[in-house]
Amino acid sequence: MSKITKKILSIVTVALVIMVAIVVTVSVLVSKTHSDQVLVSQTSVGVGVLENDVTVQIDRLKGIALSWGGEGVDYSALTGKNLDKVTKRWEESKTSEYDFACICDLGGQIIWKSDNYNLASSRINDVIEGEPISGIFTDENVELSVQYMGPITFNDTGEIVGMILMGMDLREFGYLDSVKTQTGSEVSLFSGSKRYSTTIADETGARAVDTQMEDNVAKTVLQDGNLYIGQAVILGQNHFVNYQPMKDYDGNIVGAYFSGMSSASSDASFRNMVLISSLLSVAVLVVVDLILMFFTKKLVGKPILESNRIAEEMRTGQLSTPDSTFNFGNDEIGQFARKLEEAKHTLRDYIGDISRLLSMMAGGDFSGEPSREYIGDFEQIDKSFKQIRSNLSEIIRHISSSADSVRNGAEQMSDGTMKLAEGTSKQAASIETLADAIDKISEQIRFNTENAEKADNLSKVTADRITNQDREIKNMLSAMEEIKNRSNQISVIIKTIEDIAFQTNILSLNAAIEAARAGQAGKGFAVVADEVRNLASKSAEAASNTNALITATIDAVNNGAEIAARTAAAMTEVKSFSEQTAEYISRISEASAVQSESVRRVEEDTDQIRAVTEQNSSTAEESAASCEELTGMSAILHNEVSKLKA
């Protein structure tokens, strides 16, 4: 799996975890809030049902009282007779042990009462003066009860003969349990701030009566007369509670209706929901992660790995490898990979074209032209090739011209040297002949005049030849000077080549620096920079070798010039000797008397001339050898330059 795939999966996973956590948290909180609202709503329902059931109990008592009045009660009951009949009827009519009743005469005296009747006082006398009364009442003995009080009429005459009171002590739990069954909530009745009757029981089953209302609740409900809805801990369990003021018959707040819903089951459900939601979230995340992993690896990971492989091939210079067979999509990654392939093709074509041009240059052919158009930053390469080709072509033309001049000068110098050698040989032969003649002077003294004339003629010829030889030597010196000047020009050209090689090396270094700055995109160009730097090194090396060759040539030319100078000096001396010989011959003609002495001196001078002539002959041979060597070097230089094509 690629690194970017791992990053994408990590980011998406974190985002999904956060999103799922938020969704689950909000859902759970909303569910919890809704559950709490439902519980609060149920407490309101419980209070309403409880209040309504109290009213139902009042109506039940009223119904009993009215049924007694409707069916009539024996008059004897009002006089204290047949009370067993009343008691029996009461046993049939009551529905709870907490029901109580009494019958009074018109004076308010109790004629009959149930066994559990325990009121300290009643308001039954108010019935005589008005309508029947019913509601919630408080008493010293019965703190909280519901009562109905109405008249008793005589059936025959319709005359009011007494009063009846029906009541129920609200300590009775049966109707509360019925309310709990109907609403599912715990209910209680408070007498003042004390829990008077309740369905709440502890672990032993004992009802939590006589427990006190919280002070803040008592203030809100009992003092301010407002509804209180909130939460409270009852017997160690959290409850949502609803308190509603309870008013008696006179409209006074005497207690409170209470309804409470334990949140234990709701909290357990909430915990289960959180657990289930968490497990489902984890399962969903795992499934989504697997799906993301599959599609991310397919759509992102594999294309990026393949693109990275292509980029790595470009970075390592593997531009001739086959194109990728991976089926890239039409997204940005696919476009990027295809552009990488196109860039690889472009670089491969550029490098192939550059290699071709460099190979031609390495083979001495500088006439090559790029076979394709260079674009972007590659335009500079095209410009550099054109500049190199232009500069080197000019240099090659100069070197070729100079090589031709050197060759021509060497050939001229060689011809002059050969002529000098031939003249020197002839001079040596003449000197030998002169020596033989001088040797025979003593024997041929009688032929002095004739021989002197011949010697005079020979001396003239010799003088003419020596003059010609002197002129040739001067020409040779001029040619040697020209060769020396041409060699100096070649040195300047070689220096220009070295400067071009140095500038090319600097250019390649700059290109390498720019490639390093370009990072991955410039790795391929760094290879080109290395090749250009190698070319510069080879050019510098070739220039150095050529410079060394030209330096050796210059040294040889200088040596030849010195030899030619010495030859010229010797020829001048020979000329002088020839003139002296002519003078001597002339004197022989004029002064035969001193012939013996002159002959002796001529013999000495002849020996000296012989030595100089031999030396001149040796020098001429050396000059000829140097000229031949220079000619050979010129030919080599010309051949090397001819290999270069501009």
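For this chain, numbers begin at 1 and follow the sequence in order. Every heavy atom of this structure was used, including side-chain atoms; hydrogens, water molecules and symmetry mates were not. Please read all numbers here as calculations on a predicted model, not as lab measurements.
- Around CD of Glu91, the count of heavy atoms belonging to other residues, nucleotides or ligands within 6.0 Å exceeds 12.
- Heavy atoms from other residues, nucleotides or ligands lying under 6.0 Å from CD of Glu203 number 12 at most.
- Looking at Ile124 and Asp126, their side chains never come closer than 4.5 Å, going by heavy atoms from C-beta outward.
- Residues forming a side chain to side chain contact (heavy atoms under 4.5 Å, CB included) with Ser193 (at least two apart in sequence, or on another chain): Gln212, Met213, Leu222.
- Using a 4.5 Å heavy-atom cutoff, the side chains of Arg195 and Phe258 are in contact.
- Between Tyr148 and Ser134, the shortest heavy-atom distance links the atoms CD1-CB, 3.7 Å.
- Counting non-hydrogen atoms of neighbouring residues, nucleotides and ligands closer than 6.0 angstrom, the NZ atom of Lys113 reaches no more than 12 such neighbours.
- Residues Phe137 and Val254 form no side-chain contact, since every pair of their non-hydrogen atoms from C-beta on lies 4.5 Å or further apart.
- Although no hydrogens or angles enter the test, the distance criterion places a donor-acceptor pair under 3.5 Å between the side chain of Glu172 and the main chain of Gly174.
- Closest approach of Cys104 to Ile110, counting heavy atoms only: SG-CG1, 3.7 Å.
- The neighbour count for Asp215 CG, taken as heavy atoms of other residues, nucleotides or ligands under 6.0 Å away, does not exceed 12.
- One distance of note links NE2 of His239 with CD1 of Ile200; it measures 5.5 Å at 0.5 Å rounding.
- The main-chain N or O of Glu97 is found under 3.5 Å from a side-chain atom of Asn116 such that the two form a donor-acceptor pair.
- Judged by distance alone, the side chain of Asp139 and the main-chain N or O of Ala120 form a donor-acceptor pair under 3.5 Å.
- Annotation: side chain of Val241 is in contact with side chain of Ile234 (closest heavy-atom distance under 4.5 Å).
- Other residues, nucleotides and ligands contribute only 12 or fewer heavy atoms inside 6.0 Å of the CG atom of Asp115.
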Q: Just do the side chain to side chain contact (heavy atoms under 4.5 Å, CB included) check on Asn226 and Val221 with the steps written out, would you?
A: CA-CA 5 Å; Asn226 296 325; Val221 179; over 6 Å; no
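- With hydrogens and angles ignored, the 3.5 Å screen pairs a side-chain donor or acceptor of Thr211 with a backbone N or O of Ala208.
- Inspection of the Thr43 and Ser185 side chains reveals no N or O donor paired with an N or O acceptor under 3.5 Å.
- Between the side chains of Arg60 and Thr95, at least one donor N or O lies within less than 3.5 Å of an accepting N or O.
- Checked by atom type and distance alone, the side chain of Asp105 pairs as donor or acceptor with a backbone atom of Gly107 at under 3.5 Å.
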**Q.** Derivation of the side chain to side chain contact (heavy atoms under 4.5 Å, CB included) call for Val54 and Tyr257
**A.** CA-CA 10 Å; Val54 170; Tyr257 299 101; 3.8 Å; yes
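- The heavy-atom pair separating Arg123 from Ile133 by the smallest distance is O-CD1, 3.8 Å.
- Looking only at side-chain heavy atoms (C-beta outward), Leu119 and Gln147 come within less than 4.5 Å of each other.
- For the residue pair Tyr117 and Ala101, the shortest heavy atom distance occurs at CD1-O, 3.8 Å.
- Closest of all the heavy-atom pairs between Thr198 and Phe173 is O-CD2, 3.6 Å.
- Here the side chains of Gln42 and Thr183 are not in contact, with every heavy-atom distance at 4.5 Å or above.
- The distance from the CD1 atom of Ile136 to the CG atom of Asp248 is 8.0 Å, given to the nearest 0.5 Å.
- At least one donor-acceptor pair under 3.5 Å links the side chain of Asp169 to the backbone N or O of Arg171.
- Taken to the nearest 0.5 Å, the CG atom of Leu144 stands 9.0 Å off from the OG atom of Ser197.
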Q: List the steps and the verdict of side chain to side chain contact (heavy atoms under 4.5 Å, CB included) for Leu189 and Leu50.
A: CA-CA 9 Å; Leu189 293 177; Leu50 178 60; 3.7 Å; yes
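- The structure places CD of Gln182 at 11.5 Å from CG of Asp177, a figure rounded to the nearest 0.5 Å.
- A distance of 5.5 Å separates CD1 of Ile253 from NZ of Lys247, quoted to the nearest 0.5 Å.
- Between Gly150 and Pro132 the shortest heavy-atom distance is CA-CB, 4.0 Å.
- With a 4.5 Å cut-off on side-chain heavy atoms, Val47 and Tyr243 do not count as touching.
- For the pair Cys102 and Ser114, the minimum side-chain heavy-atom distance is 4.5 Å or more.
- For Thr138, there are no side-chain hydrogen bond (donor to acceptor under 3.5 Å, both in side chains) partners at least two apart in sequence or on another chain.
- Atom-to-atom distance recorded for Tyr175:OH and Ser96:OG is 9.5 Å, nearest 0.5 angstrom.
- Pairs passing the salt bridge (charged side-chain N to carboxylate O under 4.0 Å, His left out) check and including a residue from residues 37-51, sequence neighbours excluded, do not occur.
- Looking at Asp202, its side chain does come within 3.5 Å of a backbone N or O of Ala206 through a donor-acceptor pair.
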